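Down below is the structure, laid out as structure tokens.
Count residues from 1 along the sequence. What you see is a predicted model, and the numbers here were worked out from it, not measured in a lab. Below, each value reflects all heavy atoms present in this structure, side chains not excepted, and no hydrogens, waters or symmetry copies.
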Amino acid sequence: MIYRENGQFKTSYRADQQIFPISQDRLFIALLLIVAFVVVPGLASDYLIRAILIPFLIMSLAALGVNILVGYCGQISLGSGAFMAVGAYGAYNFFLRMPGLPLIPALVLGGLCATLFGIFFGLPSLRVKGLYLAVATLAAQFFADWMFLRIKWFTLDTPSGSVSVSNLQVFGVPIESAASKYIFCLAMLVVIALLAKNLVRSAIGREWMAIRDMDVAASVLGIRPMYAKLSAFAVSSFVIGVAGGLWAFVYLGAWEPAAFSVDQSFRLLFMVIIGGLGSIMGSFFGAAFIVVLPIALNQFLPALLGAFGITISTAGISHAELMIFGGLIVWFLIVEPHGLAKLWSTGKQKLRLWPFPH
């Protein structure tokens with residue numbers, strides 16, 4: 001069998017089933033990884049890494065988990081902040097109650113705790129959908145807020161409810177400097193993103209998309225809705241839980257339950273909507289937009305308005321941020337449902353017209 005796609009010949013199913021079947025995509029991803037792992041740590045300042053790049057990487061991972069559930073399986077969730085909290089506090093308890101436990105296994109165990117939590121609160125998806133499911137997952141958020149604030153066992157009986165970690169190491173290498181934290185978060189993101197990319201292209205990924213498009217028809221075709229929906233909740237919660245552990249351990253260092261409030265859940269949902277539902281790349285675009293926009297507005301909006309003789313306060317900048325978010329969400333929900341990922345895909349199609357060896 002020989003056929004042609006985007007000017008490139010495929011001679012086997014193996015070639016067609018590659019994660020990145022187009023040569024330009026493979027080249028772009030390879031160059032991007034080289035820049036991310038080699039160039040950025042050497043050139044970026046500590047402020048840029050700590051204030052922008054690390055939050056971007058962790059939020060991209062969390063948005064990826066939300067996209068698996070919302071974008072690929074079509075199950076609305078407003079409890080992402082709760083899954084992050086369970087992952088963070090689960091990893092914290094394993095890390096401190098089991099002396100000598102390495103950081104990565106602690107984060108994985110925290111993600112497994114979030115998986116169990118997500119499956120439990122995903123059970124209503126077997127009976128309800130849409131806004132009713134959103135309310136059910138919102139209950140997970142309120143329950144997690146109460147649980148970590150009132151049950152002192154989770155915080156090792158600290159009076160204030162605030163906890164902290166220190167002396168983080170991975171394979172004996174301290175994770176203390178900005179560059180080491182960045183590399184660690186980037187490595188975790190790359191590994192999980194590649195696994196997620198493979199997963200959504202597998203049989204279970206196709207089952208998720210079938211449930212998303214029409215669950216009744218999917219069940220008629222032999223797809224088990226209970227297995228598909230709960231597996232989506234499990235995988236999504238695990239990824240979000242690992243992201244919550246990274247957010248707490250690497251970015252915050254010290255935190256309290258308010259760090260994973262319902263605002264965090266809405267922020268992650270906005271990332272997925274703006275970046276693109278049902279797109280791995282869209283998770284990165286949405287996270288970049290949400291993380292960078294507030295900083296860009298604080299830096300450039302006063303200067304832009306000052307050129308016209310207009311002054312704006314900090315509160316005004318905050319209101320402008322909310323208005324921009326709201327307008328973009330309405331736009332991407334109604335006009336362009338696939339978000340920034342659609343614009344990226346269109347741009348790639350045009351770039352593929354560039355001469356490339358076939």
Answer yes or no on whether Arg224 is positioned over the face of Tyr227, meaning its NZ or CZ is under 6.0 Å from the six-membered ring centre and within 45° of the axis.
yes

Quick check against the 3.5 Å criterion: does [X] have a side-chain atom that pairs as donor or acceptor with the backbone of [Y]?
X: Asn67; Y: Leu277; result: no
X: Gln75; Y: Cys73; result: yes
X: Tyr182; Y: Ala36; result: yes
X: Ser236; Y: Ile68; result: no
X: Ser279; Y: Gly276; result: no
X: Ser261; Y: Pro257; result: no
X: Arg267; Y: Ile290; result: no

With a 4.5 Å limit on heavy-atom distance, are the side chains of [X] and [Y] in contact?
X: Leu189; Y: Ser60; answer: yes
X: Arg212; Y: Trp208; answer: no
X: Leu269; Y: Ser80; answer: no
X: Lys152; Y: Thr158; answer: no
X: Phe184; Y: Leu246; answer: yes
X: Pro174; Y: Leu168; answer: no
X: Tyr92; Y: Trp255; answer: yes
X: Ile192; Y: Leu61; answer: yes

Reported CD-to-OG distance for the pair Glu207 and Ser202, which is rounded to 0.5 angstrom:
8.5 Å

Positive for side-chain contact (heavy atoms from CB on, under 4.5 Å) with Leu33, one of Val38, Leu186, Val190
Val190

For Asn93, run the side-chain contact (heavy atoms from CB on, under 4.5 Å) check against Thr155, Leu156, Leu109 and tell me which one passes.
Leu156

Please check if the number of heavy atoms outside [X] that lie under 6.0 Å from its [atom1] is greater than 12.
X: Phe120; atom1: CZ; value: no
X: Asn167; atom1: CG; value: no
X: Arg97; atom1: CZ; value: yes

Any chance you could lay out the side chain to side chain contact (heavy atoms under 4.5 Å, CB included) test for Ile183 and Phe37, step after step, and finish with the verdict?
CA-CA 7 Å; Ile183 293 289; Phe37 276 102; 4.2 Å; yes

Kindly determine whether Phe233 and Thr137 satisfy side chain to side chain contact (heavy atoms under 4.5 Å, CB included), including the steps that lead there.
CA-CA 11 Å; Phe233 267 98; Thr137 55; 4.2 Å; yes

Apart from Leu195 itself, its cluster of hydrophobic side chains linked below 4.5 Å comprises Val191

Would you check, one step at a time, whether the test side chain to side chain contact (heavy atoms under 4.5 Å, CB included) holds for Leu103 with Leu107?
CA-CA 6 Å; Leu103 176 60; Leu107 293 174; 4.2 Å; yes

Check for me whether the distance between the ring centres of Phe117 and Phe121 falls short of 6.0 Å.
yes

Apply ring-ring contact (aromatic ring centres under 6.0 Å, His included) to Phe148 and list each qualifying residue two or more places apart in sequence or on a separate chain.
Tyr89, Phe154

Stepwise side chain to side chain contact (heavy atoms under 4.5 Å, CB included) test for Met188 and Val242
CA-CA 9 Å; Met188 294 286 290; Val242 172; 3.8 Å; yes

In chain order, what residues pass the salt bridge (Lys or Arg N to Asp or Glu O under 4.0 Å) check against Lys129, with sequence neighbours excluded?
Asp215

Does the side chain to side chain donor-acceptor pair (under 3.5 Å) test come out yes or no for Gln141 and Ser265, once each step is laid out?
CA-CA 8 Å; Gln141 180 68 56; Ser265 298; 2.6 Å; yes

